[in-house]
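Shown next, in structure tokens, is the structure this report addresses.
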Protein chains: 2
Amino acid sequence: MERLFHSVRITINDKLYVKDPESSNLGKRIVEESILMINDIGFESFTFRKLGQKIGSNESSIYRYFENKHKLLLYLASWYWGWLEYQLVFATNSIPDPNTKLERAIEIMTQATEIDLAFTHINEILLNKIVINEYSKSYLTKEVDQENKEGYFVIYKRLVNRMRLMINEVNADYPYSASLASTIIEGALHQYFLMDHFSSLTSCNKTTTPTEYFKHLAFNTLNIKNNG
Amino acid sequence: MERLFHSVRITINDKLYVKDPESSNLGKRIVEESILMINDIGFESFTFRKLGQKIGSNESSIYRYFENKHKLLLYLASWYWGWLEYQLVFATNSIPDPNTKLERAIEIMTQATEIDLAFTHINEILLNKIVINEYSKSYLTKEVDQENKEGYFVIYKRLVNRMRLMINEVNADYPYSASLASTIIEGALHQYFLMDHFSSLTSCNKTTTPTEYFKHLAFNTLNIKNNG
DNA sequence: TAGAAAATGATAGTATTACTTTTATATTTG
DNA sequence: CAAATATAAAAGTAATACTATCATTTTCTA
């Protein structure tokens, strides 16, 4: 797959950075190592000072790329959702049957992440873990409405909307398509978190995947015989 | 309702506080005003110093009740889930029919919060808002496994488990009862958040409630004709 | 009801965070 | 090669999240 998409770039709202991190080597290292570090020590303990030390650069240089770590998190999350959106569109585009299409969409949105060799400086598996553990913190803030207006969440919203449309195609009379779409996308993150930390609160494990659960949930609530 | 329960107390893991806030007037004021303040300025901006100023007490005195604001949040959340659990058990206890029982349970877990006059120093409506906006932050941490071992989340886990059991009673063959239970409880918080900040991502609004959505979701996925 | 014990308040201090500012040095580009 | 740009180094600031010490007030109890 990677060969086809060497030239694909995820486009991110330019208000999320001061200087585009894709435009320089240092910028890419900031992104690359911040993913490792946030994953390692958690977003709360992560600081630009520590990141600077790790990449042998200066704190003040990192501030020339990102205003603060909150924006860096929004950037990383946007990249992740943009990347997922790309896969979603690519995988479902050519499927004419709405049921099969939705089924494939749910798979894309709820499956365990795999590495994409097209982006060498981004570890998608770790980024997925960051999204599971930290994404909520990016919008559970007092500034969410302002930041939403600024367009910091457009990719995520577009992605949920794509899911919603596919749900509508399966059952146009279903009155909760937006809620079901957001439940699947946000719920998948939550189920993965529970698998790691609160196993008694989920039915998912190595043999029963979140994908299976959400497929069953979606097709039954849409009154369609479950494909999965 | 309040008359019956004047003597009811929500029991909270005593590792969550240094000194029981229910044991003194200052303790109750800390709880009461922290709810108002966290709601007002958000958990990130909330500090014990500011709280002390607001209640005319000293920062160091607040530290004699709670080790830090993280533990205070865990305390408030535990109180909230304990209070909901109480309502859940009370409301469903005497219902023999599993379908009606689950329906009532979903209502309790997903309805808009109402004030409970039995607890004068706690504003349940604001506390519900805090849980919607801040609860995830209490477990999305690097310390979650340790804190889970210490029992900081027992009430929440018990509550999800009660839901799971009620789902099992409706359909013993349904293989995802734990996931459905956690999806309803966590998903309800999320849908309320979306209603406030990302209305395009939810089908819920003033006329279509999260309760309606989750009832439909649960009973359809359990292959039971929707009661709602 | 005095005296002890406990609770609370006032003040100061510390390490860290989340930046900003300034100046110096290295790198790129025209 | 000069000028522009990028990066580094160092220092400074206000706020946070505490801890420690001691004084004062309140409460319990003999």
Side-chain angles (χ1 to χ4, degrees), chain A residues 14-34 37-38 40-76 121 134 137-138 141-143 146-147, chain B residues 14-34 37-38 40-76 121 134 137-138 140-143 146-147 152:
Chain A
D14 59 17
K15 285 178 195 155
L16 285 177
Y17 47 77
V18 183
K19 180 181 173 176
D20 185 358
E22 294 285 329
S23 71
S24 78
N25 201 266
L26 178 61
K28 281 179 198 158
R29 292 214 64 209
I30 289 171
V31 169
E32 178 175 17
E33 294 290 331
S34 69
M37 201 168 193
I38 292 171
D40 202 32
I41 65 176
F43 187 67
E44 275 68 43
S45 301
F46 168 83
T47 71
F48 281 1
R49 178 169 293 242
K50 288 177 191 167
L51 178 62
Q53 276 156 7
K54 196 182 177 190
I55 67 180
S57 179
N58 198 274
E59 195 185 1
S60 60
S61 303
I62 300 169
Y63 277 104
R64 291 209 182 79
Y65 284 86
F66 293 101
E67 262 180 64
N68 49 51
K69 68 175 181 174
H70 172 67
K71 292 237 173 138
L72 170 59
L73 178 61
L74 286 167
Y75 177 92
L76 294 176
H121 66 299
E134 322 286 0
K137 298 170 193 167
S138 79
T141 69
K142 281 283 164 185
E143 297 78 32
Q146 183 54 38
E147 297 189 346
Chain B
D14 59 16
K15 285 177 195 156
L16 285 176
Y17 47 79
V18 183
K19 180 183 172 172
D20 185 358
E22 294 285 330
S23 72
S24 76
N25 201 266
L26 178 61
K28 280 178 198 156
R29 292 214 66 207
I30 290 172
V31 169
E32 178 175 16
E33 295 290 331
S34 70
M37 200 167 196
I38 292 172
D40 203 33
I41 65 176
F43 187 66
E44 276 68 40
S45 301
F46 169 82
T47 69
F48 282 1
R49 179 170 293 243
K50 289 177 191 168
L51 179 62
Q53 275 156 8
K54 196 181 177 191
I55 66 179
S57 180
N58 199 271
E59 195 185 2
S60 58
S61 303
I62 299 169
Y63 277 104
R64 291 204 184 85
Y65 284 87
F66 294 101
E67 262 180 66
N68 49 53
K69 68 175 182 174
H70 172 66
K71 291 238 173 137
L72 170 59
L73 178 60
L74 286 167
Y75 176 91
L76 294 177
H121 66 299
E134 322 287 1
K137 298 170 193 167
S138 78
L140 294 176
T141 69
K142 280 284 166 187
E143 296 77 33
Q146 182 56 38
E147 296 189 345
Y152 296 177

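Lettering follows sequence order; numbering is per chain, from 1.
Taking atom CZ of residue A/R29 and atom P of nucleotide D/dT7, one finds them 13 Å apart after rounding to whole Å. Computed from coordinates, the B/I55 CD1 to C/dG9 P distance equals 8 Å when rounded to whole Å. We find that CZ of B/F66 is positioned 17 Å from C1' of D/dA17, with the value rounded to whole Å. Rounded to a whole Å, the CD1 atom of B/I62 is 11 Å from the C1' atom of C/dT8.
Within the 4.0 Å cut-off from OP1 or OP2 of D/dT7, at least one side-chain nitrogen or oxygen of A/Y65 is found. Within the structure, every side-chain polar atom (N or O) of A/T47 is placed at least 4.0 Å from both OP1 and OP2 of C/dT17.
The listed nucleotides are C/dT21, D/dT7, C/dG9; the one nearest the side chain of B/S57 is C/dG9. Closest to the side chain of A/K19, from the set C/dA18, D/dC18, D/dA6, is D/dA6. Distance from the side chain of B/N58 is smallest for C/dG9 among the nucleotides C/dG9, D/dA17, C/dT22. Here the side chain of B/R64 is nearest to one of C/dG9, D/dT16, D/dA8, namely C/dG9. Residue B/Y63 has its side chain nearest to D/dT19 when only D/dC22, D/dT19, C/dA7 are considered.
Using cut-offs of 30° and 60° on the angle between ring planes, the pair A/F46 and A/F48 is perpendicular.
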Pair A/E44-B/H70, side chain to side chain donor-acceptor pair (under 3.5 Å): steps then yes or no: CA-CA 12 Å; A/E44 275 68 43; B/H70 172 66; over 6 Å; no
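Of the residues near DNA chain C, B/L26 and B/E59, the one whose nearest nucleotide (by heavy atom distance) lies more toward the 5' end is B/L26. Toward the 5′ end of DNA chain C lies the nearest nucleotide of B/G27, the other residue of the pair B/G27 and A/F48 mapping further downstream.
Side-chain atoms of B/E67 and base atoms of D/dC18 include no donor and acceptor less than 3.5 Å apart.
Remark: A/Y17 OH to A/I30 CD1 distance equals 13.5 Å, nearest 0.5 Å.
Remark: A/E33 engages A/R29 in a salt bridge, criterion side-chain N to carboxylate O under 4.0 Å.
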